[in-house]
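Data first, discussion second: the structure below is written as structure tokens.
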Amino acid sequence: MNARHDEGAAVVFDTGIDPAGLADDDLFRELASLYRTRLHTLRHGPDPALENHFKRTAELETEYMARYPGREVDPDRLTRDF
């Protein structure tokens, strides 16, 4: 399925709506939902659910990085331990 745009309509990926078609608020909401359910899916989800979680997280985070390549980095979080 994974096509990006079809005549301006929202395209549905195997894992959900194409992140490029989401407004910023929707992108942030989707990311928050994934992060909120991450541990439960990792610990208790069947393999297909976990694989879907991996794919969707990658899709949404890739879109976020494309939109915000110069994102703000909290200087208090910088350490020399990286």
Side-chain angles (χ1 to χ4, degrees):
M1 190 180 289
N2 290 344
R4 283 197 74 61
H5 295 292
D6 184 14
E7 311 258 335
V11 174
V12 178
F13 277 31
D14 294 335
T15 56
I17 294 174
D18 180 355
L22 295 172
D24 285 352
D25 288 345
D26 295 327
L27 178 63
F28 296 138
R29 185 192 69 243
E30 290 292 315
L31 283 165
S33 177
L34 281 171
Y35 299 147
R36 188 175 51 253
T37 61
R38 181 72 179 148
L39 182 58
H40 187 75
T41 304
L42 179 64
R43 292 185 63 206
H44 307 294
D47 289 345
L50 186 57
E51 182 61 29
N52 187 64
H53 215 280
F54 287 145
K55 287 179 185 176
R56 189 62 174 167
T57 300
E59 291 169 359
L60 293 167
E61 288 181 346
T62 298
E63 180 62 25
Y64 175 84
M65 293 303 295
R67 291 184 195 188
Y68 300 99
R71 71 193 200 291
E72 292 181 32
V73 175
D74 182 350
D76 292 335
R77 297 195 65 175
L78 296 176
T79 69
R80 294 182 186 176
D81 296 334
F82 289 107

For residues 38-52, which side-chain donor-acceptor pairs fall under 3.5 Å, sequence neighbours excluded?
residue, atom, partner, partner atom, Å
Arg38, NH1, His53, ND1, 3.1
Thr41, OG1, Thr37, O, 2.9

- Same apolar cluster: Ile17 and Leu34, side chain cutoff 4.5 Å: yes
- Item | Interatomic distance, Glu59 atom CD to Glu30 atom CD [nearest 0.5 angstrom] | 10.5 Å
Please table the atom pairs, donor to acceptor, closer than 3.5 Å between any side-chain atom in residues 19-27 and protein atoms at least two apart or in another chain.
residue, atom, partner, partner atom, Å
Asp24, OD1, Arg67, NH1, 2.6
Asp24, OD2, Tyr68, OH, 2.6
Asp26, OD1, Arg29, NH1, 2.7

